[in-house]
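Here's the structure, in structure tokens; my notes come after.
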Amino acid sequence: MITSTSSSQVKTVVSLQKKAKTRKETKQFVVEGMKMVSEVPQDRLVKVYFSESFAAANVSFLNKFAKEQTELVSDIVFAQMSDTKTPQGALAIVKMAQYTVQDMMKDKPLLLLVENLQDPGNLGTIVRMAEGAGVTGVILSPNTVDIYNPKTIRSTMGSVYRVPFFYAKDFTQQLADLKQAGVRLYAAHLDGNCEYTHPDYTGASAFLIGNEANGLTKASSDAADVLVRIPMQGQVESFNAAVACTILTFEAVRQRRTGLAESMAETATLTTVSLS
């Protein structure tokens with residue numbers, strides 16, 4: 001059992017928690033809590049650490065992991081390793097996944113293009129929402145907050161394991177490449193010339209999401225095929241980035257489901273006519 005904060009393993013975990021540079025160099029990150037630890041893909045699991053008190057109370061959970069993958073830590077030391085004020089007592093080091101844009105370009109892809117977002121919770125919420133909506137991938141600008149930031153990881157609630165994402169070195173060029181590939185780009189904008197429910201999102205589509213304070217850069221706004229607006233009441237001018245992203249994404253989901261239902265109904269009608 002590890003009982004000292006001077007342990008090299010403890011120092012490694014702390015560095016992964018606090019430094020994006022360490023995460024990038026090692027291509028590893030840390031997750032915390034029973035849910036996040038239990039959902040780690042087995043081929044990406046490096047090491048699991050349990051606090052002494054957690055281990056005593058959750059023997060069956062510990063038995064899910066091979067002994068060589070686990071390490072017990074005193075409660076005091078575990079508190080130093082954790083990024084939370086009240087740690088659950090379980091954390092793991094995980095290998096980063098490697099995705100490409102091609103991994104996201106399925107039939108009629110639905111993409112989220114995130115530019116310069118800085119709030120970890122916002123990004124984590126967007127990734128979690130993306131899984132729930134069936135988004136095929138998330139593309140991020142170089143200056144967007146690190147998706148492996150501990151706060152972002154917690155906000156994803158495990159979706160970070162399953163949603164493909166990619167940091168584009170040149171975001172403007174990436175937008176141009178997507179357009180060349182036939183993807184229509186939509187951006188929620190105060191200068192939007194139509195309500196967000198008007199465009200047709202049933203084809204290959206992508207939503208541009210900008211910085212919390214400044215929105216999209218001019219280059220990205222200019223690259224959009226359509227600027228849309230979300231109608232507001234009262235004195236509200238705009239929504240939180242994650243909220244706006246959710247509204248747009250689920251409108252696309254609604255249209256795609258409606259389109260599928262109509263197509264199935266039409267097919268059923270044609271079949272009935274042919275059989276009669």
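Given the structure is predicted, the values throughout are model-derived calculations rather than measurements. The first residue in the sequence is number 1, and the count goes up from there.
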Review point. Between CZ of Phe29 and CG of Leu16, what distance do you get to the nearest 0.5 Å?
Key: 10.5 Å
Check your understanding: Backbone N or O of Ala242 within a donor-acceptor pair of the Thr125 side chain at under 3.5 Å?
Key -> no
Check your understanding: Is the shortest heavy-atom distance from the side chain of Gln118 to the side chain of Asn211 under 4.5 Å?
Key -> yes
Review point. Given the rule that I, L, V, M, F, W and Y join up when any side-chain heavy atoms are under 4.5 Å apart, are Val127 and Met157 in one cluster?
Key: no
Check your understanding: Ser38 side chain to Lys35 main-chain N or O, any donor-acceptor pair under 3.5 Å?
Key -> yes
Point to revise | Sequence-distant partners of Asp146, salt bridge (Lys or Arg N to Asp or Glu O under 4.0 Å), two or more places apart | key: Arg23
Point to revise | Ser15 side chain reached by Thr12 side chain, heavy atoms, under 4.5 Å | key: no
Review point. Sub-3.5 Å donor-acceptor pair from the side chain of Thr152 to the main-chain atoms of Pro120, do we have one?
Key: yes
Review point. So do Leu112 and Ile139 actually touch side chain to side chain, heavy atoms under 4.5 Å?
Key: no
Check your understanding: Hey, mind stepping through Phe171 and Leu113 against side chain to side chain contact (heavy atoms under 4.5 Å, CB included) and telling me if it holds?
Key -> CA-CA 9 Å; Phe171 195 66; Leu113 312 176; 3.9 Å; yes
Review point. Where the side chain of Glu32 meets the backbone of Val30, is there a donor-acceptor pair that is under 3.5 Å apart?
Key: no
Exercise for review: Count the heavy atoms of every other residue, nucleotide or ligand shown that sit under 6.0 Å from NZ of Lys47, and state whether that count exceeds 12.
Suggested key: yes
Review point. If two hydrophobic side chains count as joined below 4.5 Å and joins carry through other members, does Tyr167 share a cluster with Val160?
Key: yes
Point to revise | Under 3.5 Å: donor-acceptor pair, side chain of Lys95, backbone of Leu45 | key: no
Practice item. Spell out, as yes or no, whether a donor-acceptor pair under 3.5 Å connects the side chain of Thr249 to the backbone of Thr246. Key: no
Point to revise | Same apolar cluster: Phe166 and Met96, side chain cutoff 4.5 Å | key: no
Check your understanding: Between Pro142 and Lys169, what is the shortest heavy-atom contact and its length?
Key -> CG-O, 3.3 Å
Exercise for review: With rounding to the nearest 0.5 Å, note down the distance linking CE in Met34 to CZ in Phe54.
Suggested key: 4.5 Å
Study note, to complete from the structure: All heavy atoms of Thr144 vs all of Leu123, minimum pair found to be CG2-CD2, 4.2 Å
Exercise for review: Give a yes or no on whether the backbone of Ile93 and the side-chain of Arg44 come within a donor-acceptor separation of less than 3.5 Å.
Suggested key: no
Point to revise | Pair Val226-His198, side chain to side chain contact (heavy atoms under 4.5 Å, CB included): steps then yes or no | key: CA-CA 10 Å; Val226 183; His198 290 182; over 6 Å; no
**Study point:** Intermediate values then yes/no, salt bridge (charged side-chain N to carboxylate O under 4.0 Å, His left out), Asp83 and Lys18
**Key:** CA-CA 8 Å; Asp83 185 66; Lys18 295 182 176 181; over 6 Å; no
Check your understanding: Rounded to the nearest 0.5 Å, how far apart are CE of Met129 and CD1 of Ile247?
Key -> 10.0 Å
Check your understanding: Is there side-chain contact between Phe61 and Asn63, with heavy atoms separated by less than 4.5 Å?
Key -> no
Review point. Step by step, would you call Ser7 with Val77 a side chain to side chain contact (heavy atoms under 4.5 Å, CB included)?
Key: CA-CA 10 Å; Ser7 164; Val77 174; over 6 Å; no
Point to revise | Pair Asn116-Thr217, side chain to side chain contact (heavy atoms under 4.5 Å, CB included): steps then yes or no | key: CA-CA 9 Å; Asn116 302 340; Thr217 62; 3.9 Å; yes
**Study point:** Check: Asp170/Gln174 side-chain N/O donor and acceptor closer than 3.5 Å
**Key:** no
Review point. What do you reckon, are the aromatic ring centroids of Phe207 and Tyr201 less than 6.0 Å apart?
Key: yes
Point to revise | Donor + acceptor pair across side chains of Glu115, Ser141 (<3.5 Å) | key: no
**Study point:** Same apolar cluster (I L V M F W Y, side chains within < 4.5 Å links), Ile209/Leu140
**Key:** yes
Would you give me the side-chain donor-acceptor pairs under 3.5 Å for residues 180-191, sequence neighbours excluded?
unit_1: Tyr186; atom_1: OH; unit_2: Asp200; atom_2: O; d: 3.1
unit_1: His189; atom_1: ND1; unit_2: Asp191; atom_2: N; d: 2.9

Practice item. With the side chain counted from C-beta on, respond yes when Val73 and Met1 share a heavy-atom pair under 4.5 Å apart, and no when they do not. Key: no
Review point. Between Phe50 and Phe65, what is the ring plane arrangement, given parallel below 30°, perpendicular above 60°, and tilted in between?
Key: tilted
Exercise for review: First locate atom OG of Ser4, then atom CD of Gln9, and finally report the distance between them rounded to the nearest 0.5 Å.
Suggested key: 12.0 Å
Practice item. Locate the shortest heavy-atom distance separating Arg162 from Glu131; write the atom from each residue and the value. Key: NE-OE2, 2.6 Å
Review point. When rounded to the nearest 0.5 angstrom, what is the spacing between NZ in Lys108 and OG1 in Thr202?
Key: 6.0 Å
Exercise for review: Kindly give the heavy-atom pair with the smallest separation between Thr5 and Gln80, and that separation in Å.
Suggested key: CG2-CG, 3.8 Å
Review point. Tell me, do Val135 and Leu111 make a side-chain contact under 4.5 Å, heavy atoms counted?
Key: no
Exercise for review: Working to the nearest 0.5 Å, report the span between NZ of Lys27 and OG1 of Thr22.
Suggested key: 13.0 Å
Check your understanding: Tell me, do Asn240 and Glu212 make a side-chain contact under 4.5 Å, heavy atoms counted?
Key -> no
Review point. Mind checking whether Leu62 and Val40 sit in one hydrophobic cluster, side chains of I, L, V, M, F, W, Y counted as touching below 4.5 Å?
Key: yes
Practice item. Determine, for Asp119 against Lys151, whether the closest basic-nitrogen to carboxylate-oxygen distance falls under 4.0 angstrom. Key: no
Check your understanding: By salt bridge (Lys or Arg N to Asp or Glu O under 4.0 Å), which residues pair with Arg254, not counting sequence neighbours?
Key -> Glu251
Check your understanding: Ring centres of Tyr148 and Phe165 under 6.0 Å apart?
Key -> yes
Practice item. Using a 4.5 Å cut-off on heavy atoms from C-beta on, say whether the side chain of Val10 contacts that of Met81. Key: yes
Check your understanding: Where is the tightest heavy-atom contact between Gly192 and Arg229, given as atom of each residue plus distance?
Key -> O-NH1, 3.4 Å
Review point. With no hydrogens and no angle check, is any side-chain donor or acceptor of Thr136 less than 3.5 Å from a backbone partner on Leu110?
Key: yes
Point to revise | Side-chain donor/acceptor of Ser82 to backbone N/O of Phe78, under 3.5 Å | key: no
Review point. Thr156 side chain to Ile153 main-chain N or O, any donor-acceptor pair under 3.5 Å?
Key: yes
Review point. Looking only at heavy atoms, what is the nearest atom pair of Thr3 and Ser74, with distance?
Key: CA-OG, 4.0 Å
